[in-house]
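In what follows, every heavy atom counts, from backbone to side chain, and hydrogens, waters and symmetry copies are set aside.
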Amino acid sequence: MTAHIAVVGASLAGLRAAEQLRAAGHTGPITVLGDEPHLPYNRPPLSKEVLSAPGDPSPADLHAKVAFRRRASVVDVDFRLGLPVVEADPARGRLSLEDGSVVTFDGLVAATGLRPRRLTLPGPSAGRHVLRTLDDCVGLRGTLRPEADVVVIGAGFIGCEVAATALGLGCRVTVVDPVGAPMQRVLGASPAAAVQRHHEAAGIRFVIGRSITGFLGTTAVTGVELDDGSTLGADVVVEAVGSIPNTEWLAGIEGPDLSDGILCDNLLRVHGAQRFVAVGDIARFPNPLFDEVPRRVEHWSIPTDTAKRAAATLTADLAGVAPDPSPFAPIPSFWSDQLDLRFQSFGSPALADEVRVEEGDLDRPANGVLVTYHRRAAHVGTVAINLPPARQRELRQAFSALAAA
C-alpha cells in the first residue's frame with residue numbers, strides 16, 4: 001500500500017499509531033507532525049521521577065528519547081516536530097502547518113491529545129504552573145525549593161502526584177479542591193477520604209470545599225484568595241484542574257463532532273469523515289465492555305489499545321476492504337505513585353454506583369487494600385493499593401476474564 005498517512009500529534013499515541021500502521025501492513029509513507037520539539041515521550045514520570053530528579057530533565061530522563069528514535073527508524077516514519085498543524089481539510093487531504101507549508105495525505109490519524117485547563121481569574125500569571133509537557137516540568141521543577149509554599153489547585157491524580165513530589169522535596173504543600181477528597185471521582189468517597197487522611201498524616205494540607213477566586217501579588221503570585229475570603233500564601237501555584245482536548249486544528253470542518261474530543265465509532269473512525277481515525281485520550285468512543293455511551297479515556301493504556309484498532313481500521317479503509325468487525329472493548333488501566341502508596345486500577349471505577357472494600361483496612365492503606373466497583377451489580381472496576389505486582393497481574397487477568405464472559 002503506497003498511500004500517505006499523516007498522524008497529527010507526536011505523542012505516545014502518535015508513535016503507537018505509526019508502529020501499529022506498520023504492523024498492520026501499511027508500507028507507504030507515514031508523517032508524524034507534532035507541535036513540541038521533542039520526540040514522543042512518556043508523560044507519567046513528569047509528575048514523579050522527573051519532577052524530583054536533580055539536573056535538567058530531558059526525554060532521556062524518561063527512558064524514551066533514544067528508544068523512540070530507534071523505533072522511528074525501524075518503522076520508517078518521518079517526524080516533523082515543532083510545527084503545529086493549524087488547519088485540516090480531510091475531504092481534500094490537506095494539512096496546513098504554522099509555517100505556511102502544506103502536507104497532503106490519503107489517510108489521517110488524530111493523536112493531538114489534551115492540554116491543561118487554566119483558571120481565568122484575576123491576578124498575576126508569573127508563578128502559576130501546569131504540568132503536561134516536558135517543558136512544563138522544567139519550568140516547575142526549578143521552583144520546588146525546600147521550604148517553598150506550594151498550593152496545588154485540584155486533588156485529582158496529577159494534583160496529588162505533584163503534591164507528593166513537592167512534599168518529598170521539602171516544600172510546604174496545600175491542596176485546594178472545591179468538590180471533594182483526593183481522587184474522589186474515581187476512587188469513591190470512602191477510599192478518597194482514607195487517602196486524604198494518609199496524605200495529611202505525611203504533611204500535606206487539604207482545603208476541601210473551597211474555590212479559588214483570585215491570585216494575590218503584583219508581578220508574581222504570592223498567594224491565592226478563597227471563596228470564603230481567606231487567603232493562602234504561595235511561592236508556587238500548580239493548576240491541576242482538568243484538561244481540554246486539542247481539536248482547534250479541526251475547527252470549521254463539517255461533519256466531525258468535537259464537543260468533547262473527537263467522536264468516533266467503535267472502530268475508531270471519526271464520525272462524519274472518511275479515512276480518518278482518532279487515537280489516545282482525544283478519541284471519544286463507545287466501549288461495549290461497559291455500555292454504548294462514547295467516552296474519552298485519559299489512561300496510559302489507551303494510546304496502545306486505540307492505536308492497534310485504529311491502524312487496522314484505517315489500513316482496511318484505504319485498501320477498500322471491510323475492517324475487523326469484532327467489538328473493540330479495551331480494559332482501561334492506570335497507576336499512580338503518591339508518597340508510599342501505589343495505586344493500580346483496571347476498568348472504569350468512576351462508572352460505579354457501589355464501592356466494596358474487599359481486602360485490607362482503609363485506615364491503613366499502606367498495608368494493602370483491594371477495592372472493587374460495581375454498577376447495577378456488574379463489576380466495572382478494580383483499584384489495588386500497595387498490593388504486590390504478582391497480585392496485580394492476577395487481578396488484571398481476573399478482570400479480563402470477567403469482561404470476556
Side-chain angles (χ1 to χ4, degrees), residues 155-157 160 177 179-198 208 242 260-261 263-268 281 283-302 304-306 308-309 324-336 338 341-405:
F157 282 93
C160 287
D177 194 289
V179 178
M183 304 163 289
Q184 181 169 309
R185 186 182 68 83
V186 173
L187 298 181
S190 295
V195 171
Q196 180 175 333
R197 292 192 297 271
H198 183 85
I208 302 298
D260 179 20
L263 179 63
C264 303
D265 63 16
N266 184 249
L267 300 182
L268 281 310
D281 45 19
R284 177 162 51 102
F285 63 95
N287 186 339
L289 184 62
F290 306 108
D291 51 35
E292 294 303 316
V293 178
R295 297 182 180 89
R296 291 190 306 102
V297 183
E298 299 179 20
H299 292 343
W300 188 85
S301 62
I302 289 299
T304 299
D305 291 337
T306 54
K308 185 174 183 179
R309 188 52 179 261
D324 179 5
S326 60
F328 175 54
I331 297 176
S333 65
F334 69 84
W335 78 92
S336 178
Q338 301 171 27
L341 300 183
R342 162 158 276 215
F343 300 81
Q344 184 78 47
S345 172
F346 311 108
S348 292
L351 298 178
D353 53 31
E354 181 186 2
V355 180
R356 305 175 189 170
V357 179
E358 304 283 0
E359 298 178 18
D361 184 345
L362 286 178
D363 287 331
R364 292 184 288 275
N367 293 342
V369 174
L370 174 62
V371 185
T372 60
Y373 297 80
H374 307 264
R375 182 176 63 168
R376 296 188 292 274
H379 186 185
V380 295
T382 298
V383 172
I385 305 175
N386 278 27
L387 293 185
R391 187 70 198 290
Q392 294 173 10
R393 287 192 293 271
E394 292 174 2
L395 292 169
R396 180 182 179 87
Q397 291 169 356
F399 192 89
S400 299
L402 186 67

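One N or O on the side chain of His379 and one on the backbone of Gly381 form a donor-acceptor pair closer than 3.5 Å.
Contacts of Arg295 classified as side-chain hydrogen bond (donor to acceptor under 3.5 Å, both in side chains), with partners at least two apart in sequence or in another chain: Asp291. For Asp324, there are no salt bridge (charged side-chain N to carboxylate O under 4.0 Å, His left out) partners two or more places apart in sequence or in a different chain. Every residue meeting the ring pair (Phe, Tyr, Trp, His ring centres under 6.0 Å) condition with Phe285, not counting sequence neighbours, appears here in chain and number order: Phe328. Every residue two or more places apart in sequence or in another chain was checked for a salt bridge (charged side-chain N to carboxylate O under 4.0 Å, His left out) with Arg393, and none qualifies. For Asp177, the salt bridge (charged side-chain N to carboxylate O under 4.0 Å, His left out) test picks out no residue, with sequence neighbours left out. Remark: His198 pairs with no residue by the ring pair (Phe, Tyr, Trp, His ring centres under 6.0 Å) rule, at least two apart or across chains. When the ring pair (Phe, Tyr, Trp, His ring centres under 6.0 Å) test is applied to Phe343, no partner is found at least two apart in sequence or on another chain. Residues satisfying the salt bridge (charged side-chain N to carboxylate O under 4.0 Å, His left out) criterion with Arg396, sequence neighbours excluded, are absent altogether. Asp363 is linked by a side-chain hydrogen bond (donor to acceptor under 3.5 Å, both in side chains) to Arg197, counting only residues two or more places apart in sequence or in another chain. For Asp353, the side-chain hydrogen bond (donor to acceptor under 3.5 Å, both in side chains) criterion is met by no residue, not counting sequence neighbours. A search for side-chain hydrogen bond (donor to acceptor under 3.5 Å, both in side chains) contacts involving Arg185 returns nothing, not counting sequence neighbours.
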Check the pair Trp335, Gln392 against side-chain contact (heavy atoms from CB on, under 4.5 Å), reporting the backbone distance first and the verdict last. CA-CA 11 Å; Trp335 78 92; Gln392 294 173 10; over 6 Å; no
Test log, rule side-chain contact (heavy atoms from CB on, under 4.5 Å), inputs Arg296 and Asp260: CA-CA 8 Å; Arg296 291 190 306 102; Asp260 179 20; 2.7 Å; yes
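The two residues Asn266 and Pro286 make their nearest non-hydrogen contact at ND2-O, 2.9 Å. The heavy-atom pair separating Val355 from Pro191 by the smallest distance is CG1-CG, 4.1 Å. Taking both residues in full, the closest heavy atoms of Ala192 and Leu187 are given as N-CB, 4.2 Å, listed atom of the first, atom of the second, then distance. Here the closest heavy-atom approach between residue Ala181 and residue Gln196 is recorded as CB-OE1, 3.4 Å. Heavy-atom minimum distance, Arg364 versus Val369: O-CG2, 4.4 Å. The heavy-atom pair separating Pro332 from Ser348 by the smallest distance is CG-OG, 3.9 Å.
For the atom pair CG of Leu351 and CZ of Arg376, the computed distance is 9.5 Å after rounding to the nearest 0.5 Å. To the nearest 0.5 angstrom, Asp361 atom CG is 8.5 Å from Asn367 atom CG. Of the inter-residue distances, the one linking Ile385 atom CD1 with Leu362 atom CG reads 7.0 Å to the nearest 0.5 angstrom. The line from CD1 of Ile331 to CZ of Phe290 is 7.5 Å long, rounded to the nearest 0.5 Å.
Using bins of under 30°, 30° to 60° and over 60° for the plane-to-plane angle, the ring pair Phe334/His299 lands in the tilted bin.
Using a 4.5 Å heavy-atom cutoff, the side chains of Leu387 and Leu370 are in contact. Looking only at side-chain heavy atoms (C-beta outward), Pro365 and Asn386 stay at 4.5 Å or farther from each other.
Within the structure, every pair that satisfies the salt bridge (charged side-chain N to carboxylate O under 4.0 Å, His left out) test and touches residues 378-392, not counting sequence neighbours, is listed here: Glu359-Arg391, Arg391-Glu394.
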